[in-house]
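For the single chain, residues carry numbers from 1 onward in sequence order. Here the structure is a predicted model, which is why all the values come from computation and not from measurement. Side-chain atoms are counted along with the backbone in the values below, which use heavy atoms only and exclude waters and symmetry mates. Order of appearance sets the numbers: ligands from 1, and atoms from 1 within every ligand.
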Amino acid sequence: MAKSIQAIRGMNDFLPKDTVFWQLIEATLKQVLTSYGYNEIRFPIVEHTHLFQRALGETTEVVEKEVYTFNDRNGDSLTLRPEGTAGCVRAGIEHGLLYHQEQRLWYIGPMFRHERPQKGRYRQFNQLGAEVFGLHGPDIDAEIILMTARWWRALGVDKHVSLELNSIGSLQTREKYRNDLISYLKQFENQLNEDCNRRIYSNPLRLLDDKDPGLQELIDGAPSLFEYLDEEARQHFSRLCKILNDAKVHYTVNNRLVRGLDYYNRTVFEWVTSCLGAQRTICAGGRYDGLVAQLGGHDTPAVGVAVGLERLVLLVQAVNPNCQIQREVEVYLIYSGEGTQIPAMRLAEKIRDACPQIKLLTHYGGGNFRKQFVRAAKKGAKFALVLGKNEINNSQVRIKNLRNGNQKSIAQDNINMILESILP
Ligand code: ATP
Ligand code: MG
């Protein structure tokens with residue numbers, strides 16, 4: 001036997017026992033997005049490398065260490081997208097969607113980051129993201145957060161997540177803060193390892209987010225970005241908080257929350273959970289008013305959010321495993337004996353025509369009735385439809401309730417009555 005080939009480390013297959021959760025979760029998220037007036041956008045998985053360098057920042061962890069970058073056959077440097085916002089903005093500019101317009105967009109799909117795989121952290125993972133362009137007020141920041149809160153309620157996980165909120169001010173504010181922070185951190189150069197010392201200069205704000213217990217004292221003593229905020233950013237933040245208070249969405253202000261990508265300004269937030277071990281953030285977002293112009297478009301305010309779907313699926317499976325997922329088939333159609341196959345398949349198609357949402361499995365592979373009933377039970381079917389010699393001779397079908405054993409025969413043509421006997 002030839003040696004089998006395995007999937008790439010950190011890149012997962014999704015089997016039917018999990019895809020039922022994925023489908024339900026995606027459908028729920030999309031339904032809520034639609035109810036808030038969002039429209040889907042699709043853009044490629046691969047983009048020019050410099051799109052991500054320019055959008056996310058060359059010194060961010062993602063661009064420095066995590067992207068999958070390669071030269072294609074023409075020698076162009078391409079990168080598998082590590083996130084969706086850059087591609088979404090690129091597409092929006094390219095197709096004239098953003099200039100002087102209000103847009104509410106969402107996307108879904110795989111992202112790629114070369115990280116150390118572990119539970120909730122993969123090299124190919126999926127995000128669903130939403131982006132709003134053309135609105136600058138805190139009201140739209142609040143609406144996005146309310147929408148995410150609605151997602152958690154709809155999925156029955158709202159008791160297991162909490163919201164952390166911060167304002168990181170304008171890009172200018174951050175520049176000034178960054179300089180002061182570097183001066184502060186420089187004092188500890190001798191105590192820090194090489195990687196931290198490098199980050200002092202490349203991305204000092206991200207050091208504040210470091211979970212290393214050895215760094216906590218140093219982090220606690222650092223100047224607070226919140227103190228540097230200009231009046232407009234403060235007002236924006238306090239109006240956002242007011243709306244959230246009024247909507248009874250609870251949050252913690254976490255002044256250490258800075259987010260890993262350079263494009264954010266003002267509002268940043270994360271939904272975190274304690275149910276998934278080290279991978280605590282299931283959803284993150286914020287405002288990025290400078291990005292559209294930075295990528296060559298007109299000045300356009302923007303705010304967005306992205307959910308890590310693998311983490312959300314793990315969370316739903318952990319806390320709400322029965323979440324109305326209809327995993328069982330309703331009807332199992334069995335037949336045995338000469339001349340029964342064609343009428344069986346015909347009947348199955350007629351039932352599906354009349355009732356597209358029904359989950360009906362037809363037995364294939366032969367075998368006697370006993371074996372087929374065993375299979376029906378294994379599939380969790382509530383009813384068996386039975387076609388044997390007798391039924392064929394009388395143009396009938398036998399319907400057996402597999403939960404209580406009751407059965408009756410109905411004319412094969414009488415699809416309405418068959419459905420009435422099956423549907424709740
Ligand atoms: P983390 O701090 O966990 O690395 P991040 O700040 O890098 O997250 P974002 O770029 O904000 O993550 O992406 C938004 C969401 O996408 C995260 O909150 C998380 O749920 C999910 N996510 C990010 N990276 C991964 C990954 N490698 N595997 C699975 N999900 C991920
Ligand atoms: Mg990360």
| request: Identify whether the distance between the nearest side-chain nitrogen and carboxylate oxygen of E232 and R234 falls below 4.0 Å. | output: no
| If hydrogens are left out, which of Q127, R206, R280 has an atom nearest to atom 2 (O) of ligand 1, that is, the closest non-hydrogen atom? | R206
| message | Heavy atoms only, cut-off 4.0 Å: how does M111 contact ligand 1, side chain, backbone, both, or neither? | response | neither
| request: For the pair E349 and R352, find out whether any cationic side-chain nitrogen is under 4.0 Å from an anionic carboxylate oxygen. | output: yes
| Which option, E61, E270, R113, E66, owns the non-hydrogen atom nearest atom 7 (O) of ligand 1? | R113
| note | If you scan protein heavy atoms around atom 6 (O) of ligand 1, the nearest is R259 NH1, 3.4 Å
| query | Between E143 and R104, is there a side-chain N and carboxylate O pair less than 4.0 Å apart? | reply | yes
| field | Nearest neighbour in protein (non-hydrogen) for atom 29 (C) of ligand 1 | value | G120 O, 3.3 Å
| Distance from atom 21 (C) of ligand 1 to nearest protein heavy atom, with residue and atom | G308 CA, 3.6 Å
| task | Report the part of T281 in contact with ligand 1, treating N, CA, C, O as backbone and CB onward as side chain, heavy atoms under 4.0 Å; options are side chain, backbone, both, neither. | result | both
| message | Can you confirm whether the side chains of N265 and D289 place a donor and an acceptor under 3.5 Å from each other? | response | yes
| request: Return yes if some donor-acceptor pair links the side-chain N/O of R256 with the main-chain N/O of I219 below 3.5 Å, else return no. | output: yes
| Modelled atom types, side-chain donor and acceptor of N255 and N166, under 3.5 Å | yes
| Close approach, E83 and ligand 1, non-hydrogen under 4.0 angstrom | no
| message | Any nitrogen or oxygen of E115, side chain or backbone, less than 3.5 Å from one on ligand 1? | response | yes
| request: State if E310 counts as touching ligand 1 under the rule of any non-hydrogen atom under 4.0 Å. | output: no
| request: Specify whether H50 and H48 have parallel, tilted or perpendicular ring planes, treating 30° as the upper limit for parallel and 60° as the lower limit for perpendicular. | output: parallel
| message | Testing the 3.5 Å rule here: is there a donor-acceptor pair between the side chains of Y177 and E227? | response | no
| query | Looking just at side-chain N and O atoms, do T79 and T69 make a donor-acceptor pair shorter than 3.5 Å? | reply | yes
| query | Looking only at non-hydrogen atoms, which of Y264, F125, F112 approaches atom 26 (C) of ligand 1 most closely? | reply | F125
| said: Under 4.0 Å from a heavy atom of A284: which atoms of ligand 1 are those, numbered in the order shown and with their elements? | reply: 11 (O)
| query | Can you find a non-hydrogen atom of R121 under 4.0 Å from ligand 1? | reply | yes
| Residue list, side-chain hydrogen bond (donor to acceptor under 3.5 Å, both in side chains) with D180, at least two apart or on another chain | Y228
| What residue and atom, counting heavy atoms only, is the protein's closest point to atom 19 (C) of ligand 1, and at what distance? | R311 NH1, 3.4 Å
| note | re atom 28 (N) of ligand 1, the protein heavy-atom contact at minimum distance is Y122 N, 3.0 Å
